[in-house]
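For the single chain, residues carry numbers from 1 onward in sequence order.
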Amino acid sequence: MNLIRKSSLLAGLLGGALLALAACGGTTPAGGGSAQGGIPSGPIKIGIQAPLSRDYALEGQGFQRAIQLLAGQINDKGGIDGHKIQIVPEDDQGTAQQAATAAQRLVAEGVVAVVGGYNSTATEAAQPIYNQNKVIQVTPASTAVQLSQKGYKYFFRTATLDSAQGKFAADLMVKTLGFRRIALLHDNSTYALGLAQATQKAVQEDGGQVVFFDAIVPGSNDYGAILTRLKAAAPQAVYFTGYFSDAGLLLKQSQAIGFKTQWIGGDANNNPQLVRVAGPDAEGFMVTTPPQPQDLKTPEAEQFVQEYRQKYGEMPPSVWTISAADAFRVIVDAIEKTHSTNPDKLADDLHQLKDFPGFTGPISFAANGDREGTLHKAYIVRNGQFVLYEKQPNE
């Protein structure tokens with residue numbers, strides 16, 4: 001405990017020093033943009049705040065690969081108005097403490113904009129730092145409703161909201177699959193709790209009954225106790241709103257105690273790591289998520305996925321990789337259209353964006369920075385692969 005406290009104190013002191021340094025910029029915005037408009041000399045720095053290590057590293061590494069691929073293509077063509085793009089990655093490890101430190105480092109580095117973070121907990125911790133320093137933040141994967149309720153001018157997201165996914169999940173379970181007794185299992189993170197609460201409300205509106213609502217301790221090795229309580233509640237379906245790093249073990253241990261039910265996960269579970277952990281016990285697992293990379297059918301999306309495979313020798317790990325590419329692309333679009341890195345000009349441009357041709361579909365931002373609409377689909381694991389489920393809600 002002492003070590004943890006010392007680490008926290010050191011991180012806080014370091015972060016405070018970096019933030020103070022970042023705030024001392026004269027007429028130049030701390031985020032590296034131009035105060036008067038135009039683009040200052042030198043490269044345009046765009047940050048990535050993502051979990052590049054620990055549990056969610058596969059997702060963060062996907063962010064970095066996608067963005068470096070796109071930045072390289074732009075630089076090969078001469079950059080933006082003659083300025084090359086420089087990518088500055090920072091590892092937030094998916095935690096609030098490291099996210100704050102990463103944000104402070106990126107501000108001190110002079111980035112114009114940041115793609116990130118991945119999970120809502122990390123994104124929320126970094127939000128006030130970016131907003132105070134006028135750095136554009138576009139998260140490709142954080143879906144918690146509360147993130148856009150704070151009045152932050154420079155916050156945007158290419159992910160869609162938990163409230164939309166909760167409604168989709170409820171319609172899938174109650175109306176499409178015909179289940180009435182629903183269990184909701186989360187992990188107390190900002191994202192997972194918010195999605196569970198949104199789903200609870202939607203299930204009740206659809207005429208279903210929530211017979212269990214509780215949280216796991218993420219990162220545990222033994223979920224036997226909570227699985228036994230879940231089994232006793234006799235749900236027809238369990239909707240798990242936590243992350244893929246825990247879901248695989250939940251599926252294995254559920255089967256081990258003879259708990260037979262339909263497991264469905266939120267969009268933090270659309271990751272091949274879940275199948276690797278659960279093995280055959282992943283068969284039949286369903287997930288609600290934006291379309292997987294292989295199911296994005298626009299020519300632009302198909303070309304990007306092909307280029308990603310050619311460069312890295314594998315498919316993008318999840319749709320969040322593609323969403324990160326879209327986050328980077330809307331930032332670049334704003335710089336190209338305004339011929340500026342002035343943060344207020346970029347924010348104003350993004351707030352007016354309508355039907356941008358994203359790889360994940362048309363992108364328009366509401367006044368609070370939320371992506372408008374929903375993209376969700378139901379998937380099921382068959383033969384070790386996530387495939388589109390044959391019956392989609394509202395179709």
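Taking the six-membered ring where the residue is Trp, Phe213 and His186 present tilted rings, their angle falling between 30° and 60°.
Aromatic ring centres of Phe155 and Tyr130 lie farther apart than the 6.0 Å criterion allows. Ring to ring, Phe356 and Phe365 are not that close: their centroids are 6.0 angstrom or more apart.
The pair Glu124-Lys150 meets the salt-bridge criterion, since a charged nitrogen lies less than 4.0 angstrom from a carboxylate oxygen. A salt bridge is absent between Arg54 and Asp91: the closest approach of a Lys/Arg side-chain nitrogen to an acidic carboxylate oxygen does not fall below 4.0 angstrom. For the pair Asp349 and Lys345, the salt-bridge criterion is not met [side-chain N within less than 4.0 Å of a carboxylate O]. Of the charged side-chain nitrogens involved, none lies within less than 4.0 Å of a carboxylate oxygen, so that Arg329 and Asp333 do not count as a salt-bridged pair.
No side-chain N or O of Tyr308 forms a donor-acceptor pair with one of Thr321 less than 3.5 Å apart. Using modelled atom types, one finds no donor on one side chain facing an acceptor on the other under 3.5 Å when comparing Tyr154 with Asn133. A donor and an acceptor atom, one from each side chain of Glu59 and Ser318, are located under 3.5 Å apart. Residues Ser189 and Asp187 have side chains that bring a donor and an acceptor to within less than 3.5 angstrom of each other. There is no side-chain donor-acceptor pair under 3.5 Å between Thr289 and Asp267. Between the side chains of Asp92 and Gln49, a donor-acceptor pair is found at a separation under 3.5 Å. Using modelled atom types and a 3.5 Å distance limit, the side chains of Gln273 and Arg276 yield a donor-acceptor pair.
A search for side-chain hydrogen bond (donor to acceptor under 3.5 Å, both in side chains) contacts involving Ser148 returns Arg157, Asp370, not counting sequence neighbours.
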Using atom types as modelled, flag every donor-acceptor pair under 3.5 Å from a side chain in residues 383-390 to any protein atom, sequence neighbours excluded.
from   : atom 1 : to     : atom 2 : distance (Å)
Glu390 : OE1    : Arg382 : NH1    : 3.1
Glu390 : OE1    : Arg382 : NH2    : 3.4
Glu390 : OE2    : Arg382 : NH2    : 3.3

Worked check of ring pair (Phe, Tyr, Trp, His ring centres under 6.0 Å) between Tyr191 and Tyr243: CA-CA 10 Å; Tyr191 153 75; Tyr243 290 82; 5.3 Å; yes
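Using modelled atom types, no side-chain atom of Asp206 and backbone atom of Val203 make a donor-acceptor pair closer than 3.5 Å.
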